[in-house]
Structures are given as C-alpha cells and as structure tokens.
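A short worksheet on the structure shown next.
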Amino acid sequence: MNEKQRSILLQSSTHFPPPKGTKLSYGTAGFRADASILQSTVFRIGILAALRSLKTGGAVIGLMITASHNKVSDNGIKVADPSGGMLTQDWEPFADSIANAPDPESLVQLITEFAKKENIPIDGSKAAVVLLGRDTRPSGESLVEAANKGICCVIGAVAINMGIVTTPELHWMVRARNKGMKASEADYFHQLSTSFRCLIDLIPEKSGEDNDAIGKLVVDCSNGVGGEKLQDLTQKLNGFLQIEIRNSGGNSGGILNEGVGADFVQKEKLSPQGFGPSDVGIRCASLDGDADRFVYFTIILNGNNKINLIDGDKILSLFALFIKQQLTILEDSKKPSVGIVQTAYANGASTKYLKDLGLKVIFTPTGVKYLHGKAEEYDIGIYFEANGHGTILFSDLFLNCLEGIKNESSSTENGLEKRKAAKRLWAVGNVMNQGVGDALSGLLLVEGILQHMGWSVDKWNQLYDDLPSRQLKVKVADRSAVITTNAETCVEKPPGLQEAINSLIGKYRQGRCFVRPSGTEDVVRVYSEAETQEEADELANSVANIVQQFLG
Ligand code: NG1
Ligand code: ZN
C-alpha cells in the first residue's frame with residue numbers, strides 16, 4: 001500500500017470510531033445490531049467491498065444496508081459477491097477482524113496484511129465498483145453515506161448508490177452488471193414480468209377444474225421496501241395477476257416488521273395486522289422487511305387470528321413437483337442432476353413428501369450461504385428455508401440443454417410438448433433470482449404454477465400435512481457457549497445438554513427437537529416437532545427450560 005492510500009485510510013477512519021464494548025460478527029446474514037452503533041461497521045465494510053472488487057478484477061460488488069426482519073431500530077450490512085450470491089465465506093474472518101479493529105492504526109495494519117496475503121492491488125492502478133442499496137429503515141440514509149465514505153477511501157473505487165431497493169434486487173443488479181446485461185430496476189421488473197407472462201402463455205388448455213387460483217392475491221408487505229416494489233411490479237403485469245397490497249409502509253402508518261411480515265407470520269402462525277375475518281377464503285402472502293423471503297397463508301374462520309401457514313417447505317414442494325413434471329415431459333436421456341436443499345427447520349413431513357417424489361434431499365446448517373452453496377452443486381438446485389427464503393438455481397449446462405430443446409424443429413405432438421416444457425423451465429430460471437432468495441420472483445412462480453395446475457391455495461396446502469411444530473427463543477448469558485454439529489441437529493457443547501434433550505425427545509411420539517444459537521439475534525433457538533401441537537409445545541418448552549438451566 002502506498003503512502004497516499006495509507007494516509008487516506010488513517011484519516012478517514014478517525015471519523016468512524018468503533019462502538020465500545022461490542023463485539024460484532026458477520027453472522028448468518030452479515031452484521032446486524034442497533035443502528036446507532038453501526039456507522040463504523042458499514043464504513044469498514046465499504047472498504048472491504050472495494051477490496052473485494054479489486055480482488056475480483058474490478059467486478060461489481062454489492063453492499064446492502066438492511067436488517068431484514070429485525071425491528072426497525074436495528075440495521076445491518078450484507079455484501080453481494082460478483083455472482084450475485086453472498087460474500088465468499090473465506091472473507092468473513094477479515095470482515096470480523098476489521099469490524100472490531102480498535103483504532104485506525106490497527107485497522108490499516110489489518111488491511112495491509114490482508115491485501116498482501118490476497119495479492120490485492122491497492123495502489124490506485126486498478127478500478128473498483130460497488131453498488132449500494134438500502135431498505136426503508138430511517139437509519140439507512142446515513143449508513144449508506146458512511147459505507148460510501150468507506151468505499152471512496154480506496155483509491156480507484158467508485159460507489160453507485162441504487163437508493164431504496166429490495167435485497168434480492170440489489171443482488172440481481174450486481175449479477176446482471178457482471179454478466180454485461182442491462183441491470184436497472186426497470187430491467188429487473190421486465191425480466192420478472194416477461195418470464196411470468198411466458199409461464200402463463202404456456203398453460204395447457206385443460207388443466208384441472210379448480211380455478212380458485214385465478215382470484216386475487218392479497219400481500220402483506222411487512223411495512224417494508226417490498227410494498228413499493230410490488231406495486232411497481234404489479235403494474236408491469238398488465239392485469240395478468242390481480243394483487244392487493246397491504247402493510248406497504250411509507251405513509252400507510254404501520255411500523256416495519258411489527259406484528260406484520262413473513263417472519264412474524266411464520267413464527268407466530270398468526271395473521272398479520274390488517275388482515276381479518278373478511279379475508280377468510282382468500283389467498284394471502286407475506287413478505288419480510290427486505291423482501292427476500294415470503295410465505296403464504298389463509299385465515300381460519302373464527303380462528304382468533306390463527307392461520308393455515310403455507311411455509312417455505314411447501315413452496316419448495318410445489319416448485320419441486322412442477323419441475324419434476326416438466327422434466328418428465330422432456331424425457332431427456334442426459335438427465336440433469338436435481339438436488340433439494342433444506343435445513344433442520346424443514347418440517348419432517350415436507351422432507352418425506354420430497355423423498356417420496358423420488359428427489360434427493362440434502363441438509364445444511366441454517367443460513368442461505370450454506371444452502372445456496374450446496375444447491376450450486378446440481379444442474380437444478382432448489383433450496384428453501386422453512387421461513388420462506390430460497391430460490392431455484394440452474395447450471396449453465398442445463399440452460400444450454402434447454403436452449404437446444406427450445407430450438408428443435410420437430411413438429412410431432414411429442415416434440416411440441418417437449419419444447420413447451422423446455423420453455424417453461426427456461427422461464428422458471430429467469431423468474432427466479434439466481435443470486436439469492438427473492439420474494440417477488442417467488443410469488444410470481446407460485447402464482448404461475450397454481451394457474452398452470454388450476455389449483456386453489458387449499459389444494460396446494462393439501463400436498464401433505466405439516467407435523468405440528470413449535471419454535472421458541474431463549475435468552476441466555478452467552479449464546480456462543482452452544483456449539484452444534486451435524487447440520488446443527490446435535491449439541492456438542494456444553495457437555496450433557498444433548499443427552500438431556502434426547503431424554504425429553506424420547507417421551508414424545510414422532511418427537512424431534514434441536515437447539516442452536518441464532519446468527520442474527522442474541523438468543524438460542526429451540527425447534528420441536530411432535531404428533532400433536534400440544535406435545536410439540538410441551539417438548540419445546542421443556543427443552544427451553546433445560547437450555548436455561550445449562551446456560552443461565
Ligand atoms: P438465525 O437468527 O441464525 O436463526 C435467521 C433465520 C435464518 C435466516 C437468517 C437470515 C430461522 C430459524 N432463522 O437466522 O433462516 O433466514 O435469519 O435472515 O428462521
Ligand atoms: Zn430478509
């Protein structure tokens with residue numbers, strides 16, 4: 001590093017002292033904390049993003065300021081790699097160390113050592129580009145400013161501020177730019193709406209008698225960024241889908257993620273604010289605060305806000321079923337490899353359903369970075385967390401194969417059907433975000449498939465019955481004292497805790513339960529399943545008590 005660069009870094013970072021007494025870590029999805037202590041973190045991660053761009057030969061990197069489903073006073077920062085996926089895990093320790101560097105000198109020292117080790121040209125000879133985006137949190141504007149200052153500290157680096165965007169939109173833009181494609185918001189909406197239209201145009205004439213799916217969809221937007229964006233997307237759909245938007249944020253009065261949103265709906269299994277008895281029988285969906293996940297639900301008649309939840313596992317099952325059907329039509333001799341990726345939070349009934357379809361199911365630890373990485377190993381990788389975060393990835397090889405079939409000229413009925421199936425799958429690959437889970441593209445695919453099948457939301461929900469489950473959070477003194485193994489299903493430390501959990505599980509029919517420290521909140525999470533809801537609740541509560549006893 002030359003003197004000029006060194007002195008810019010030293011000088012600028014004096015304006016961004018790190019918070020005292022807080023250790024920050026790049027958790028399940030980047031850094032998250034109370035927004036008031038994040039100025040120095042985003043400044044420093046701005047520097048990291050510029051370095052990442054230099055390291056990848058000037059490729060565009062993304063920086064998203066969001067705390068997703070967390071409360072409005074929190075904020076956070078995540079980095080998107082050139083592919084539009086999450087930051088490579090190899091760089092997380094560097095992110096942790098610079099976020100926690102106590103003063104400018106040690107920060108510059110860490111950067112110098114890292115740049116040397118990674119062979120990063122920080123001498124001003126190379127250009128770097130970082131796209132910045134944020135959700136609707138009030139703290140976002142000044143945090144973007146701090147991130148911008150960090151980026152601009154690296155000589156040759158430029159920041160491009162995309163303003164308020166959804167997390168997946170920013171990832172999409174990063175990917176598109178690096179592929180040399182048009183990458184504006186309008187291009188994003190165009191890709192989603194035209195591929196949805198393609199799915200609709202390819203619906204077979206007779207596809208079932210149940211046409212409830214044609215009715216309107218009502219979407220709870222968690223009072224977040226998804227509200228405005230879904231509104232824009234709906235306009236591009238030219239009436240092909242009737243969407244009513246609620247909890248859209250802005251002037252609508254509600255608070256981000258408070259009693260609304262996919263996280264609330266999925267964890268509490270209750271309807272969000274603004275929904276009530278008059279919505280019985282209607283297909284409803286809920287996005288989270290930065291619109292990278294979604295779930296569906298229907299309101300139960302006289303159910304006291306209780307809902308039928310159609311979670312990420314059932315979304316995954318619908319997608320897997322549709323893709324399998326299209327692959328069957330293709331009858332390709334070179335069968336693509338298909339991998340379904342879930343976490344331990346997946347409802348056991350969904351895993352059974354997918355395996356019964358003849359599909360290969362793989363488990364990874366919680367966090368999209370793990371699921372995404374695993375899904376990339378297949379020609380078709382479908383991953384979803386139960387909370388509704390997921391997508392479908394197609395390999396280039398498979399896309400080329402589809403391209404070939406789409407262009408075949410056979411006019412036999414079989415040839416025609418094959419071409420249609422290839423076009424449908426092509427549309428799936430285009431509507432689904434290839435970088436990260438995307439609630440808007442996911443909604444469009446669900447809606448397209450329901451229309452294709454001619455299915456009502458209830459029919460979809462009946463694919464299988466969820467095993468009753470319960471999720472709880474336990475506040476403990478130090479959650480990092482819990483160390484797990486085996487895709488987080490087994491506690492290694494503290495010793496004796498797993499044995500205690502096992503003996504509780506043994507008391508319940510179809511009992512399953514695991515605990516793990518959250519990567520985004522200061523809690524230990526408990527998940528249980530059992531034959532009845534009462535038993536699942538009891539099991540989760542008794543395990544939560546045991547966790548308290550072990551960890552205080
Ligand atoms: P943590 O807090 O590590 O459990 C939560 C979700 C993840 C993922 C991340 C990122 C659950 C149980 N966990 O992680 O699936 O979505 O947030 O937002 O829902
Ligand atoms: Zn989110």
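For ligands, and for the atoms within them, numbers begin at 1 and follow the listed sequence.
- Here is the list of ligand 1 atoms found below 4.0 Å of a heavy atom in R516: 1 (P), 3 (O), 4 (O).
- Scanning both residues, V260 and I255, for their nearest heavy atoms gives CG2-O, 3.8 Å.
- Nearest-residue assignment for atom 1 (P) of ligand 1 (options G519, G289, S68; heavy-atom criterion): G519.
- In this structure, the protein non-hydrogen atom closest to atom 6 (C) of ligand 1 is N387 ND2, 3.5 Å.
- In the vicinity of R32, heavy-atom distances shorter than 4.0 Å reach the ligand 1 atoms 18 (O).
- For ligand 1, one of its N or O atoms has an N or O atom of R525 under 3.5 Å away.
- Of the protein's non-hydrogen atoms, T520 OG1, 3.8 Å is the one closest to atom 5 (C) of ligand 1.
- Taking 2.8 Å as the threshold, T167 does not count as a candidate ligand of the Zn ion (ligand 2), since none of its N, O or S atoms lies below it.
- Under 2.8 Å from the Zn ion (ligand 2) lies an N/O/S atom of D288, whether from backbone or side chain.
- Residue Y345 is tested with Q266, R516, E385, E529 for a side chain to side chain donor-acceptor pair (under 3.5 Å); the sole match is R516.
- For K78, the heavy-atom gap to ligand 1 stays at 4.0 angstrom or more.
- Of the candidates H389, Q266, E488, E385, the one placing a heavy atom closest to atom 8 (C) of ligand 1 is E385.
- Of the candidates T166, T391, N433, D438 forms a side chain to side chain donor-acceptor pair (under 3.5 Å) with just one, namely N433.
- The existence of a salt bridge linking K78 and D292 is confirmed by a sub-4.0 Å separation between a basic side-chain nitrogen and an acidic carboxylate oxygen.
- Ring planes of Y464 and Y353: tilted class, angle from 30 to 60°.
- Near Y345, the atoms of ligand 1 lying under 4.0 angstrom from a non-hydrogen atom of the residue are 12 (C).
- Of all N/O/S atoms in D290, OD1 sits nearest the Zn ion (ligand 2).
- If you look at D292 and ask which of its N, O or S atoms sits nearest the Zn ion (ligand 2), the answer is OD1.
- The distance from ligand 1 to the heavy atoms of A29 drops below 4.0 Å at these ligand atoms: 10 (C).
- Of the candidates I310, L217, L318, L318 is the only one forming a side chain to side chain contact (heavy atoms under 4.5 Å, CB included) with V446.
- Under a 4.0 Å N-O distance rule, the pair E447/R283 qualifies as a salt bridge.
- If you look at Y527 next to ligand 1, there are no close heavy atoms at all, none under 4.0 Å.
- Annotation: atom 9 (C) of ligand 1 to nearest protein heavy atom, T28 CG2, 3.9 Å.
- Of all the atoms in ligand 1, the ones that sit under 4.0 Å from a non-hydrogen atom of Q471 are 12 (C).
- Residues N308 and T298 have side chains that bring a donor and an acceptor to within less than 3.5 angstrom of each other.
- With values rounded to the nearest 0.5 angstrom, N257 atom CG is found 9.5 Å from D74 atom CG.
- Taking the six-membered ring where tryptophan is involved, the planes of Y527 and F514 are tilted, since the angle between them lies from 30° to 60°.
- Using a 4.0 Å cut-off between a side-chain N of Lys or Arg and a carboxylate O of Asp or Glu, R293 and D288 qualify as a salt bridge.
- Taking any N or O of S518, backbone or side chain, at least one lies under 3.5 Å from an N or O belonging to ligand 1.
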inquiry  = Between L38 and I77, is the side chain to side chain contact (heavy atoms under 4.5 Å, CB included) condition met? List the steps.
reply    = CA-CA 9 Å; L38 280 175; I77 186 160; 5.9 Å; no
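- Those atoms of ligand 1 that come under 4.0 Å of a heavy atom in K267, given as number and element, are 11 (C), 19 (O).
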